[in-house]
J.: 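The structure under discussion is supplied below as structure tokens; questions concerning it will follow.
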Amino acid sequence: MRNIARAFIAIGAGTLLLAAGEAPIYNSGADLAFLNDIPASPALLTDDAAPAMVDETPAYAEPSLGTVLPETATLTQLVHEVRTIDSVEMDQQMRCLATAVYFESKGEPLDGQLAVAQVILNRVEKGRFGRDICGVVKAPGQFSFVRGGQMPAPVGTGQWDTAQAIAVIAIADAWPEIVPQATHFHATRVNPGWKMRRVATVGRHIFYR
């Protein structure tokens, strides 16, 4: 599981700490974003080349301790717990993540929605897809709902509430990865011929790393 539990997100004036659960990985069907661009592999270092310095500064704000969300046995329970917290406010990074979840997987099973968020965070951690969440989501050619670097506004419905809860859970690393280390996926209806390692099919999408 990714080691980003230390990088919690600031939630407006109030803060939220999510306890990482010990529930088993939940792997049922889901619909995920269609990521259609594969960046080139990084160049190999020569013998006399020194590795580049890596900025390890978290891409997320670190809040002080606030409300603690109890551990839950299922992802459904965890999402419900987060949705019942009235004081949650989204900052820019969390809103970008929730918006991607909403437009790419709203109405799908919760594990599929969480997988959308986790793939985006995996890309942030790789460092070559965008410097932060919004950079990854708005990168050219990655998400069909983004037009000219602009995202439409979600409709304030129960599906949007769920997408926001999923974003909180993903950023807090509060549930195991649905498809560990996945950074690419496409719909099962297409065949882009990617030369990558295929690791799982979840719902109507195929995942690669």
Side-chain angles (χ1 to χ4, degrees), residues 2 4-5 7-21 23 25-34 59-61 63 65-124 132-134 136-138 142-147 150-179 185 202-205:
R2 286 187 319 275
I4 63 168
F8 297 125
I9 197 79
I11 307 174
T15 57
L16 174 68
L17 174 65
L18 290 170
I25 295 177
Y26 190 69
N27 260 342
S28 65
D31 189 17
L32 307 175
F34 176 35
Y60 319 101
L65 299 184
T67 302
V68 176
L69 185 68
E71 295 182 1
T72 61
T74 68
L75 180 57
T76 298
Q77 292 174 339
L78 185 56
V79 170
H80 174 74
E81 291 288 348
V82 177
R83 285 191 56 175
T84 59
I85 301 175
D86 296 332
S87 61
V88 172
E89 297 180 7
M90 312 292 281
D91 76 352
Q92 183 183 24
Q93 295 298 312
M94 184 172 281
R95 181 171 289 273
C96 284
L97 185 60
T99 300
V101 171
Y102 175 84
F103 282 107
E104 299 296 340
S105 62
K106 64 179 183 291
E108 291 298 314
L110 296 177
D111 64 326
Q113 297 185 51
L114 182 57
V116 169
Q118 289 172 338
V119 166
I120 292 169
L121 295 184
N122 285 344
R123 286 189 154 215
V124 173
D132 56 19
I133 294 172
C134 291
V136 167
V137 172
K138 295 179 180 180
Q142 300 306 296
F143 292 90
S144 60
F145 73 90
V146 178
R147 292 286 187 271
Q150 300 298 314
M151 300 186 300
V155 178
T157 64
Q159 291 177 332
W160 173 233
D161 293 338
T162 295
Q164 293 178 89
I166 289 291
V168 171
I169 292 165
I171 287 175
D173 204 16
W175 196 261
E177 284 193 83
I178 305 304
V179 182
F185 48 84
V202 183
R204 297 192 296 269
H205 289 81

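None of the values given here were measured: they were computed from a predicted structure.
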J.: Mind checking side chain to side chain contact (heavy atoms under 4.5 Å, CB included) for Val146 and listing every partner two or more places apart, or none if nothing turns up?
T.: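 Side chain to side chain contact (heavy atoms under 4.5 Å, CB included) check on Val146 returns Val137, Phe143, Met151.
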J.: With sequence neighbours left out, write down each residue that passes side chain to side chain contact (heavy atoms under 4.5 Å, CB included) with Ala98, or none if nothing qualifies.
T.: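 Checked Ala98 against side chain to side chain contact (heavy atoms under 4.5 Å, CB included); matches are Met90, Trp160, Gln164, Ala167.
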J.: For Trp175 and Leu75, work out which heavy atoms get closest and say how close.
T.: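 Shortest heavy-atom contact: CH2-N, 3.4 Å.
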J.: Rounded to the nearest 0.5 Å, how far does OG1 of Thr76 lie from CD of Glu81?
T.: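 If I round to the nearest 0.5 Å, the distance is 12.0 Å.
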J.: I need the minimum non-hydrogen distance between Gln118 and Pro176, along with the two atoms involved.
T.: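 The answer is NE2-O, 3.2 Å.
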J.: Do Thr157 and Asp161 come close enough that some side-chain heavy atom pair is under 4.5 Å?
T.: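 Heavy-atom side-chain distance check fails, nothing below 4.5 Å.
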J.: Glu177 vs Asn122, test: side chain to side chain contact (heavy atoms under 4.5 Å, CB included). Steps then yes/no.
T.: CA-CA 10 Å; Glu177 284 193 83; Asn122 285 344; 2.9 Å; yes
J.: Taking all non-hydrogen atoms of both residues, which atom of Gln93 and which atom of Ile133 are closest, and how far apart?
T.: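 For Gln93 and Ile133, the tightest heavy-atom pair comes out as OE1-N, 2.9 Å.
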J.: Locate the shortest heavy-atom distance separating Ile166 from Val79; write the atom from each residue and the value.
T.: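 Heavy-atom minimum between the residues: CD1-CG2, 3.8 Å.
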J.: Could you give the distance from CD (Glu104) to OG (Ser144), rounded to the nearest 0.5 Å?
T.: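 OG of Ser144 is found 4.5 Å from CD of Glu104.
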J.: Can you tell me if Thr74 uses its side chain to pair, donor with acceptor, with the backbone of Gln77 under 3.5 Å?
T.: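 At least one qualifying donor-acceptor pair exists.
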J.: What distance separates Gln159 CD from Glu108 CD, expressed to the nearest 0.5 Å?
T.: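 That separation rounds to 10.0 Å.
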J.: What's the shortest heavy-atom distance between Ile169 and Leu114, and which atoms?
T.: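 Taking every non-hydrogen atom into account, CG2-CD1, 4.2 Å.
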J.: Here's a test for you: under side-chain contact (heavy atoms from CB on, under 4.5 Å), which of Thr162, Val168, Leu78 qualifies with Arg83?
T.: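 It is Thr162, the one option of Thr162, Val168, Leu78 that forms the side-chain contact (heavy atoms from CB on, under 4.5 Å) with Arg83.
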J.: Might you point out which heavy atoms bring Pro152 and Phe145 nearest each other, and give the distance in Å?
T.: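 Looks like CD-O, 3.3 Å.
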